[in-house]
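Structure first, then comments.
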Amino acid sequence: MRSTAHAFKDNVGEALRNANLQRSLSTMKVGFVERRQGAVERMPEFEALRDRARDIKNHALAHLDFYLERFEKKVLALGGHVHWAPTAEDARRIVLDLCRQANARTVAKAKSMIAEEIGLNEHLEAHGIAPIETDLGEYIIQLRQEPPSHIIAPAVHLTKDQVADTFHEHHAKLGFARRLTERNDLVAEAREVLRRKFQEADVGITGANFLVAETGSSMLVTNEGNADLSNTLPKTHIVVASIEKVIPTLEDAAALLRVLARSATGQEWSSYTTFNTGPKRKGDPDGPESYHVVLLDNGRSNVLGTEMQDMLRCIRCGACMNHCPVYGAIGGHAYGWVYPGPIGAVLDPQLLGLEEAGNLPNASTFCGRCESVCPVRIPLPKLMRHWREREFERHLTPPTVRKALGLWAFLAKRPLLYRAATGIANRAMALFGRAEGRYDALPLAGGWTTHRDMPAPQAGGTFHAQWKARGGATR
Amino acid sequence: MSAREQMLGAIRRGLRRGELSGEARAAAEARLAHHPVNIVPKRSQIARARQIDLFEEGAKAVHATVARVAGGAVAGAVIDYLAANNLPAAAVMAPDPALDRYGWKDRPMLEIRRGLPVDADRVAITGAFAGVAETGTLIFTSGPDHPTSLNLLPETHIVILREDGIVGAYEEVFVRLRARYGAGAMPRAVNTVTGPSRTADVEQQLELGAHGPRRMHILIVRD
Ligand code: SF4
């Protein structure tokens, strides 16, 4: 997917003006947050499980080469194939070759963030192969030619009426003439259309939530069952997974799954949690004849051993974005690339470069809610701060921000001047806004006040003045 | 240099070491061989009878329906369920010989075919490798006795689960899988399924039957 992360500011403006998006976001916030909270309350061991989940991922990362080799050995022993892809381009080429070997015309795809990351659909289409998204949300946005706006709820920005219009437009030629209005009818129609697609597909492509070194299994969770159809019906199954997905054992998978579903959707366990191990065995009545795993690096090994390594623990549950006030206001598209929200603000600059995505880590109030819910305890605010520092060091910060920060630093080092300046500002601001206790518009800060109010300073002067008045020490 | 060497080399450079060796390697080998248990939630570590109740509660909470029957009453319970849901008295059943014992032949009005499902099949009947009390989850393993597509294609899935198939936690399933398939080995597909298929992709409202079954009925058979 082509990034528009550099245009973050414009994207945000658009998102805030999009009424349908704003309506969806307001229901989303309540739904995800409350459901997660309920699931956490039903599981007294939840906090201990988060510690364990963090430790398992840290252990796996510290032994990443070892577990990847073990995983590979297991897959090969079963007659499967493992392909190593250092870059996104390598991964695209490998998958295309495999599809060609299978003489594929259509491919059934189960939602995969890695496939989005490497731009797989565009690549296949450009070479005459039709990838069909089978997750309902992904299918809807594929028809609309939009990118996903949330990593586990890709069509969360759309209303039922928009979905109805989209289906009406695209399904009429398949013999579904009526425009539907009920949700269950929409789901049933998509089921019917996609069932035919599954039966036609020559190749199934899925992602993986985990790769289990002990058994050589790729593991995937869905609620719809579409991944299971993708890995059962077509003759070839291709798994695309990034290297940090590997974990040691089934027991470790159980620990991680116990925090994954609860953090993601507030479910105790996802409806379909599937372990796939190699191709169809002798005597099996169904299953793919050939089974491939594509292991993608795409910049991840560069993060190992750096202060940013913690980001590789991410299990893509989406909880950080569900709880993020910035994401809640602007949705996922504004981030401009595959991974939105706090984790996107940390991952995207790594995968795309600071020049492209350096703005994203600035989209944070540092409220810390993301870190407080992350099932693998990634210190997201700390990692975002790290990017901000890098961005500043490399002079990528816009000149107005640099000037403002420079002025502030100049004053902060000169206490008398600082007090004089803030005193004047405080009195000036009080003049404009004290009557209402807040500003709904401020000169030079329109961007701030359009979608939130700035509190007006309360009577009593600046912090320094009050501190002095109460007898605090000054220097 | 191959892509594989390139990637493993980059990982090792990041980790500031060569190939894993010595004690660290032995410890990682031991972890794979002994697969230590992490934290098993206490909710599942209860008396046998309570585990079966917990399984039933969990399955119902995710919109499966559950009935407890004696072995001799299984076929009758299937017929009643189909009639109550206005479904035809016909089903495709897994070729699993463990299902033979339920006296289908004495019920000529129930039309049963064994094998893979086809488009016209509306109801599938299968066994289950295990049931997990912790979350009300069923475990299906692929093999000649159990085509995976039976769990997925027909609109209604009737599952026959013996009481002794119900365990407390996932870790107990892994013990049984290793006993059946060998250490470090798995069948092609282990499907853990919790309730019927669902989606919340349209306005975050739950709808059942997205791709897999719309209805799941579990018959827990008394030992
Ligand atoms: S960073 Fe944490 S909360 Fe966010 S998606 Fe990853 S695992 Fe989930």
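All values reported here derive from a predicted model rather than from experimental measurement. We use all heavy atoms of the structure for the numbers below, so side chains are in, but hydrogens, waters and symmetry mates are not. Proteins come first, then strands; the chains are lettered A, B, ... in the order of their sequence lines, and each starts at number 1.
- In terms of heavy-atom proximity, A/N184 sits nearest to B/E207 at CB-OE1, 3.2 Å.
- Side-chain atoms of A/D65 never come within 3.5 Å of backbone atoms of B/L8 as a donor-acceptor pair (strictly under, hydrogens ignored).
- Below 30°, between 30° and 60°, or above 60°: for A/W269 and B/Y170 the angle between ring planes is below 30°, a parallel geometry.
- Taking both residues in full, the closest heavy atoms of B/M7 and A/P86 are given as SD-N, 3.5 Å, listed atom of the first, atom of the second, then distance.
- When each of B/D119, B/N151, B/L208 is scored by its heavy-atom pairs under 4.5 Å with chain A, the top score falls to B/D119.
- For the pair B/R31 and A/E251, the salt-bridge criterion is not met [side-chain N within less than 4.0 Å of a carboxylate O].
- A/P44 does not touch chain B: none of its heavy atoms, backbone or side chain, sits under 4.5 Å away.
- Between chain A and the residues B/L20, B/V193, B/L153, the largest count of heavy-atom pairs under 4.5 Å involves B/L153.
- Along residues 126-135 of chain B, the residues that come nearer than 4.5 angstrom to chain A, judged on non-hydrogen atoms, are B/E134, B/T135 in order of number.
- Neither the backbone nor the side chain of A/Q162 has a heavy atom closer than 4.5 Å to any heavy atom of chain B.
- For a residue to count as touching a neighbouring chain, one of its non-hydrogen atoms must lie under 4.5 Å from one of that chain's; by this rule A/L78 does not touch chain B.
- When atom types are taken as modelled, the side chain of A/R258 and the backbone of B/I39 share a donor-acceptor pair closer than 3.5 angstrom.
- A/R196 does not touch chain B: none of its heavy atoms, backbone or side chain, sits under 4.5 Å away.
- Top candidate by heavy-atom pairs under 4.5 Å with chain B, chosen from A/D228, A/V187, A/L250, is A/L250.
- Residue contact with chain B, scored on non-hydrogen atoms closer than 4.5 Å, involves the backbone and the side chain of A/D252 alike.
- Of the listed residues (A/D90, A/L229, A/T222), the one with the most heavy-atom contacts under 4.5 Å to chain B is A/L229.
- Interface residue A/F198: only side-chain heavy atoms are found under 4.5 Å from chain B.
- Looking at A/I141, there are no atoms closer than 4.5 Å to chain B (heavy atoms on both sides), in backbone or side chain.
- Of all the listed residues (B/R43, B/H146, B/R13), the one sharing the greatest number of non-hydrogen pairs under 4.5 Å with chain A is B/R43.
- The backbone N or O of A/E224 sits less than 3.5 Å from a side-chain atom of B/S197, completing a donor-acceptor pair.
- Between chain B and the options A/V163, A/L68, A/V221, A/N226, the largest number of non-hydrogen pairs under 4.5 Å is found for A/N226.
- Between chain A and the options B/A189, B/G143, B/S142, B/A28, heavy-atom pairs under 4.5 Å are most frequent for B/A28.
- For A/H83, no part sits under 4.5 Å from any heavy atom of chain B, backbone or side chain.
- Among the candidates B/E171, B/R178, B/R214, the residue making the largest number of heavy-atom pairs closer than 4.5 Å to chain A is B/R178.
- Heavy-atom distances place the side chain of A/R52, and not its backbone, under 4.5 Å from chain B.
- Using a 4.5 Å cut-off between heavy atoms, A/Y272 touches chain B through backbone and side chain atoms alike.
- Side chain of A/T232 to main chain of B/T148: no donor-acceptor pair is present (N/O by atom type, distance under 3.5 Å, no hydrogens or angles).
- Neither the backbone nor the side chain of A/T306 comes within less than 4.5 Å of any heavy atom of chain B.
- Note: B/R12 leads B/Q6, B/K42, B/R12, B/R25 in heavy-atom pairs under 4.5 Å with chain A.
- Judged purely by atom type and a 3.5 angstrom limit, B/H211 uses its side chain to pair as donor or acceptor with the backbone of A/T134.
- Ranked by heavy-atom pairs under 4.5 Å with chain B, the list A/E192, A/K280, A/E72 is led by A/E72.
- Taking both residues in full, the closest heavy atoms of A/P288 and B/R188 are given as CD-NH1, 3.3 Å, listed atom of the first, atom of the second, then distance.
- For A/N231, the parts lying near chain B are the backbone and the side chain together; criterion is any non-hydrogen pair under 4.5 Å.
- Interface residue A/E45: only side-chain heavy atoms are found under 4.5 Å from chain B.
- The backbone N or O of B/T199 lies less than 3.5 Å from no partner atom in the side chain of A/N223, so there is not a single donor-acceptor pair.
- A salt bridge is absent between B/E203 and A/K160: the closest approach of a Lys/Arg side-chain nitrogen to an acidic carboxylate oxygen does not fall below 4.0 angstrom.
- Taking OG1 of A/T274 as the reference point, atom CG of B/L152 lies at 8.0 Å (rounded to 0.5 Å).
- Heavy atoms only, all atoms of each residue included: A/A62 and B/R17 are closest at O-NH2, 2.9 Å.
- Interface remark: of the candidates A/Q199, A/R300, A/E138, A/Q309, A/Q199 forms the most heavy-atom pairs closer than 4.5 Å to chain B.
- Heavy atoms closer than 4.5 Å to chain B are found in the backbone of A/L158, but not in its side chain.
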